[in-house]
Amino acid sequence: MRLLKAAVYIRVSTGAQATDGHSLDVQLEQCMEQAKRLGIAAEDVEVYREAGASGEDMDRPALTRLLDAAAEGRLSHVIVKHPDRLSRNMADKAIIVRLLKQHHIDIVFVDVPNWDQSDEAHLLFNIISSIAEYELRQIRRRTLSGKLRAAREGQIMPMGIDPYGYRYESGKLVIDETEAAYVRQIFAWYVDERLSMRQIARRLDECGAPTKTRKALTWSHATVAHILRNEMYVGRYTYNRRRTKKERGAVARGRLRVRRVIGWHPKTDWIVYSVPRIVDDATFERARQRRQAAHRQGSRRNTYQHLLQGKLRCRLCHRMWHVAASRTKRDGDLRHYRRPAEKSGAARQCSYRCRAIRAKAIERAVFGELVKRLLASQMWKEVTLDDTGLHARRILDDIQWSQTQYEQLVQRLQRLQNLYVTGDLSQVEYERHAQLLRQQQARAAARTVHLQSVLQQTESARRRALEEVMQMFLTGDERIPFAIRRQMVCSFVDECLIDASDDAVDVLITGPMVQLTQAQSMS
């Protein structure tokens, strides 16, 4: 039978270790006295010590070990001095208590005895938890206010990692000459020798330049880019620019909870310091101009869109094909699809040696086949009837109504003549009513002729529009947005199995497209 032990959890955050009776030693002493009152021997107590951990975080090493021990069934009691030592967040605290209760563990708070023995005790526990969360928010607000006040008085706040080229001393940034020499060298390589940021990173690795954290083994182009655009190196350091918040589940530098930038403070709230400069203004400006020129040049580069990206697979070796740019510029298109490059010594070498295929040609062939099947399918007929045929049906309805009106007028004129013949209607009245009916007949007949002409023109325009649309799709006309063509391919094509081992290129298309009409072979 496994012997269960009691756990004592103690925690302090930075700045509270020797004040308010919350030091680790004070908490441990009071928790051990509580264990003794419960009849638990000192050798049956496991201590989980959390030093310098914030009460707003759930990701704490000692707390994680405590919860793991509880899940393994090794604990009978968990003794804590005060509920806010578990967490200052009400939701997190409720989660921790529920996890411990699920494993039938007695939770004992030294400062809140019998917290779960009655409804009133539960209410008091929740009130205490709310007060702890409120205190945390007040502490955070006062801390931020104090930092801003000190910053406006000229004191630079400590940073997690000192900027490269500087070190923090007594509220000031002073130059680290060893690192500053590398900063000057980075600007010289970029401005004078015109090296790229990746080339600079490789040179720094080759000459053994130390990284700032001593944890990263190599330099990256992103770090070089950050140095080249940092105004601190010309004597301007700006504080309180970014708004951040802690993000659960994020990982950075081995920590599970890190701060993410969520916005920017107004410029009126920024605090600008004067710090020792490492680079002169002229060199920094030349670096800025080169970065802008590189950005403009990059924005002018052709960005190709590939209709069959991720859709081509070799029918012989079943490997996915890739998109690449050719060395020559023919027909204004640099793209072609090719099989994956072979690796020396690879376990599976492709023996078929399929040749590369011009992207424009195969994209036009596959898309044209898709459009042919769409136009021949019942789906296309239904779409065209529901769309372009709607206006024609309305005109037909108007023609039918005009013809019915004309026939009714003919019948009314016949009845009028009968009344005149029988003497029930005078000649004056007959002529007046007959003239009015004949005018209405003429208007109805003219309206019918006009609507029939409009219908004929509409049908002709509809046929021309359909022919133009069909021609556009069949030829892959550039007026059709790429997003529409790509969406059609993704909707109807699963894969294009390609065989380019001979002079002729054979393509077999799989997916819903083959079900639009009878399957057809394409080569």
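Here, residue 1 is the first one in the sequence, and each next residue gets the next number.
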Audit row: W219, Y182, ring-ring contact (aromatic ring centres under 6.0 Å, His included) steps and yes/no: CA-CA 12 Å; W219 283 76; Y182 286 111; 7.5 Å; no
Candidate pair M197 and R291, rule side-chain contact (heavy atoms from CB on, under 4.5 Å), full reasoning: CA-CA 10 Å; M197 297 178 188; R291 291 199 316 274; 4.1 Å; yes
Residue pair L66, L75: steps toward the side-chain contact (heavy atoms from CB on, under 4.5 Å) verdict: CA-CA 9 Å; L66 173 67; L75 303 178; 3.6 Å; yes
I362 and I498: CA distance, side-chain angles, deciding distance, side-chain contact (heavy atoms from CB on, under 4.5 Å) verdict: CA-CA 10 Å; I362 190 170; I498 186 168; 3.6 Å; yes
Stepwise side-chain contact (heavy atoms from CB on, under 4.5 Å) check, N230 with Y164: CA-CA 10 Å; N230 194 341; Y164 198 86; over 6 Å; no
Evaluation steps, salt bridge (charged side-chain N to carboxylate O under 4.0 Å, His left out), between E33 and K36: CA-CA 5 Å; E33 290 177 358; K36 185 177 179 180; over 6 Å; no
E231/R236 under salt bridge (charged side-chain N to carboxylate O under 4.0 Å, His left out): CA gap, chis, key distance, verdict: CA-CA 5 Å; E231 293 185 348; R236 295 188 297 273; 3.5 Å; yes
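Here I175 contributes atom CD1 and Y233 contributes atom OH; the two are 11.0 Å apart, rounded to the nearest 0.5 Å. Expressed to the nearest 0.5 Å, how far CG of L67 lies from CZ of R60 amounts to 9.0 Å. From S220, atom OG reaches atom CD1 of I200 across 12.0 Å, with rounding to the nearest 0.5 Å. Atom CG of D44 and atom OG of S76 lie 8.5 Å apart (nearest 0.5 Å). One finds the NZ atom of K311 at 6.0 Å from the CG atom of D494 (value rounded to the nearest 0.5 Å). In this structure, CG on L204 lies 10.5 Å from OG1 on T211, to the nearest 0.5 angstrom.
Using a 4.5 Å heavy-atom threshold, the side chains of L99 and Q102 count as touching. Looking only at side-chain heavy atoms (C-beta outward), L24 and L28 stay at 4.5 Å or farther from each other. Looking at F367 and L308, their side chains never come closer than 4.5 Å, going by heavy atoms from C-beta outward. At least one side-chain heavy atom of V279 sits less than 4.5 Å from a side-chain heavy atom of V183. Contact check for Q27 versus V110: no side-chain heavy atoms found under the 4.5 Å cut-off. Using a 4.5 Å heavy-atom cutoff, the side chains of Y237 and P163 are not in contact. Between Y168 and L173 the shortest side-chain heavy-atom distance falls below 4.5 Å.
For I79 against A35, the heavy-atom pair with the smallest separation is CD1-CB, 3.6 Å. The two atoms that bring A356 and R338 nearest to each other are CB-CB, 4.0 Å, heavy atoms only. Scanning all heavy atoms of the two residues, the minimum distance from D176 to R167 falls at CA-NH1, 3.7 Å. Closest approach of A359 to Y337, counting heavy atoms only: CB-CE1, 3.4 Å. Here the closest heavy-atom approach between residue I278 and residue G165 is recorded as CD1-O, 3.7 Å. D499 approaches S501 most closely through the heavy-atom pair OD1-OG, 2.7 Å.
Under the 4.0 Å criterion applied to side-chain N and carboxylate O atoms, D84 and K93 are not assigned as salt-bridge partners. Taking 4.0 Å as the cut-off between side-chain N and carboxylate O, R485 and E363 do not count as a salt-bridged pair. A salt bridge links R203 with E193; the closest basic N to acidic carboxylate O contact falls under 4.0 Å.
Put simply, the side chain of D106 never gets that close to the backbone of H77: no donor and acceptor are under 3.5 Å apart. The backbone N or O of L307 sits less than 3.5 Å from a side-chain atom of R486, completing a donor-acceptor pair. With hydrogens and angles disregarded, a donor-acceptor distance shorter than 3.5 Å links the side chain of R313 to the backbone of H318. Proximity of a side-chain donor or acceptor of R335 to a complementary backbone N or O of V323 within less than 3.5 Å is not detected. A donor-acceptor pair under 3.5 Å links the side-chain atoms of R11 to the main chain of R85, judged by distance alone.
Side-chain contact annotation: Y48 with E50, donor-acceptor N/O pair under 3.5 Å absent. For the 3.5 Å distance criterion, the side chains of Q289 and R286 fail to qualify, holding no donor opposite an acceptor.
A 6.0 Å sphere centred on CZ of R37 holds more than 12 heavy atoms belonging to other residues, nucleotides or ligands.
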